[in-house]
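Remember, it's 1-based here, ligands and their atoms both numbered in the order they're listed.
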Amino acid sequence: MKVLIHLAVLFFSIPVFAANEVKDDPAYQYQPNSYCGACHQEQLRDYSQSMMGKTPHDKVFQQFYLGLNAKGEKDGMGYKGFHPDEPGDCANCHTPDVVLNEGHEVDLTEAIDKGSQGISCDFCHTVADVRVIRDPDTGRYTTDINHVVTRARGDTKRGPYDDAVSPAHKTVMSPIHLKSEFCAMCHLNQEHLLSISTYADWKAAYDKGAVTQQCQECHMPTGGKDRPVAIGGKVRKAETIRRHLFHGGHSKDMLDKAATLKLEAGKKDGVLVVDASVTNSGAGHTLPGGATLRNIILVVDAQDAAGNHLQHLGGKQEKLPPLAGVGNTERDFAGHPGKMFARPFVTKTGMVPAGGFNADHELFNTRIPPRETDHSTFHFTLPEKGAIKVTARLIYRWTYKPMADKKGWDLEDIEMTRQSVEVD
Ligand code: HEC
Ligand code: HEC
Ligand code: HEC
Ligand code: HEC
Ligand code: HEC
């Protein structure tokens, strides 16, 4: 028995000892990106154009926190509109430095006033470990950043190399930086619903073998010439250098490789039948991604030889919902033949779309998992004579159009792909 206890102590003392090697200096002040970027110029240039590099100064984010429209007027649509007296967890992932320093939720305005550097070079490169915590009974995650991150603030910068030598800081090779779990720190948000599910969606696909890459391999691409990664550094092989682009749904280059659309049309029983298949061919998680506001719209159109629209015969299930835009502009697709791929939330009182912070349940979930295909069918009247042209477009929107209309947000429709077929 004694031997067993000794063995247990020995066994458990190994990881404890390893964890003790990580030194975290609470007095350490994070350096600004401009300091690191003076030597790591490419990293700074790439990172500064990303959405992550811009938060918490991204206006859309601030307005969705404060409950303001684009003009800065109170409209109640946002976290503070529902919880005026609570700080909320919004600063957790958008300004992690201040929240972790305080050890609890911090009001966003206060975090910015306290000089948050946002998601900075120095923050990411002094993270020692990230845990993904899931209750096996309920399936729910613990995602509060204060519980999932181990920091190692100080002079040692953690990165992918085991042979880096810098005059400005110590370096150490960090396995967690090469893995999706590093990104799970923020790309997973358990509220009443799992309001950001990107990591979990990736993990499910990765475990099945549908996806083989880590987040970094797609969102921090390699390429270009062999080069140094710092002024004064040695020339490194291009395939060992990851660009800090973090492109996602706001970037046409990523959206271009995300989906494939196949269209077939034919005459059957006196009507035109159109089959559309949308495949998630390039994303490492669902399409659109794991945040509730993102949506992708399939718009189907059939015309006769003279260019007149054929009458749509299908019912409600073949039409786009109000979230595709209600109004008279050519971008308001509600009621138009098509399908929306999204996971919109509803509040307890039935308001749509809700944010994660006031969501009660899902309205629907039509997001497409990696390498899977969604099939849909549409019916139209046949013209008396002549050829028919069927066109389908796939459009990405970072938020729902009715919400952008109310907020006064500038919402661009990004066409991911378009296909046409002719029927004689
Ligand atoms: C969101 C976290 C994050 C931020 C912010 C970030 N990095 Fe990185 N960085 C990483 C990860 C992850 C890797 C390693 C990726 C891999 O090799 O798989 C990396 C790699 C590097 C490397 C090794 C060379 C390379 O490019 O692969 C350097 C140097 C570096 N980062 C410096 C910086 C600097 C300077 C900034 C700020 C301008 C910055 N990083 C911002 C996560 C981050
Ligand atoms: C667990 C980390 C986390 C927390 C907590 C969090 N966010 Fe985010 N937020 C993210 C991530 C990650 C994204 C990017 C999601 C994506 O594109 O898939 C994001 C994106 C957003 C966007 C979209 C920005 C744009 O320009 O498209 C808004 C708005 C936003 N968050 C608001 C909030 C508000 C308000 C809160 C508090 C109620 C909050 N967030 C709490 C991680 C978080
Ligand atoms: C005076 C120039 C200089 C400054 C300032 C500087 N670095 Fe470095 N850094 C270097 C050099 C040189 C290397 C080694 C490059 C190599 O070996 O290829 C390096 C390596 C790195 C690595 C790779 C470590 C590894 O083991 O993989 C990271 C990450 C990094 N720096 C992050 C930062 C961050 C974050 C800051 C700001 C807090 C910063 N650096 C400031 C020059 C600098
Ligand atoms: C400290 C929190 C944090 C970490 C760590 C983090 N992210 Fe993010 N990420 C965010 C937030 C917050 C946003 C949304 C910013 C906004 O739009 O205001 C975001 C946005 C993004 C986007 C969307 C960009 C767009 O154009 O829509 C991509 C892609 C992304 N992150 C990839 C990654 C990858 C890959 C990693 C891991 C190497 C990572 N992130 C680590 C918080 C984080
Ligand atoms: C196989 C490549 C691949 C992998 C692996 C991958 N992504 Fe993506 N990601 C994409 C593509 C392509 C898009 C653009 C389509 C879209 O927006 O869903 C994207 C979009 C995103 C977006 C924006 C979502 C939206 O709909 O606006 C975020 C955030 C993101 N990825 C984060 C991550 C994180 C975090 C991981 C790892 C857990 C990851 N990605 C793994 C390819 C990948």
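- For M51, every N, O or S atom stays at 2.8 Å or more from atom 8 (Fe) of ligand 4.
- Listed by number with element, the atoms of ligand 5 under 4.0 Å from a non-hydrogen atom of A258 are 12 (C), 15 (C).
- Side-chain atoms of E102 never come within 3.5 Å of backbone atoms of V99 as a donor-acceptor pair (strictly under, hydrogens ignored).
- Residue-level proximity to ligand 4 for H250 is carried by backbone and side chain together, each with a heavy atom below 4.0 angstrom.
- In this structure, atom 28 (C) of ligand 5 is not in close contact with the protein, since no protein heavy atom lies within 4.0 Å of it.
- Taking the charged nitrogens against the carboxylate oxygens, K339 and D374 do have a contact shorter than 4.0 Å, which makes a salt bridge.
- Residue K257 places no N or O, backbone or side chain, under 3.5 Å from any N or O of ligand 5.
- Within the structure, ligand 1 lacks G53 among the residues with a heavy atom less than 4.0 angstrom away.
- Residue N189 is tested with T292, D89, T198 for a side-chain contact (heavy atoms from CB on, under 4.5 Å); the sole match is D89.
- Using a non-hydrogen distance threshold of 4.0 Å, F123 does not register as a contact of ligand 1.
- Within the 4.0 Å heavy-atom criterion, both parts of C183, backbone and side chain, lie near ligand 4.
- Under the 30°/60° scheme for interplanar angles, the aromatic rings of Y199 and W202 are found to be tilted.
- When hydrogens are left out, the protein atom nearest atom 24 (C) of ligand 1 is Y161 OH, 3.4 Å; that is the closest non-hydrogen contact.
- Contact annotation: for W398 versus ligand 5, there are no heavy atoms closer than 4.0 Å.
- Atom 8 (Fe) of ligand 4 has an N, O or S atom of H187 closer than 2.8 Å.
- Set against the non-hydrogen atoms of L287, the atoms of ligand 5 under 4.0 Å away are 15 (C), 16 (C), 18 (O).
- Residues that satisfy the side-chain contact (heavy atoms from CB on, under 4.5 Å) test with A128, not counting sequence neighbours, are V22, T150, A152, R158.
- For atom 8 (Fe) of ligand 5, protein N/O/S neighbours under 2.8 Å (waters excluded) are H219 NE2, H285 NE2.
- For the 3.5 Å distance criterion, the side chains of T347 and T349 qualify, holding a donor opposite an acceptor.
- Evaluation of the salt bridge (Lys or Arg N to Asp or Glu O under 4.0 Å) rule for D360 yields no partner, not counting sequence neighbours.
- Under the 30°/60° scheme for interplanar angles, the aromatic rings of H125 and H177 are found to lie parallel.
- At a cut-off of 2.8 Å, measuring from atom 8 (Fe) of ligand 1, the protein N, O or S atoms that fall short of it are H125 NE2, H244 NE2, waters left aside.
- Tested against N280 for a side-chain contact (heavy atoms from CB on, under 4.5 Å), the candidates L287, I296, T373 yield a single pass: L287.
- Proximity of K54 to ligand 4, defined as any heavy-atom pair under 4.0 Å, is not found for any part of the residue.
- A salt bridge does not link D25 with R153: none of the charged nitrogens is closer than 4.0 Å to a carboxylate oxygen.
- Distances below 4.0 Å separate heavy atoms of G282 from the following atoms of ligand 5: 1 (C), 2 (C), 12 (C), 42 (C).
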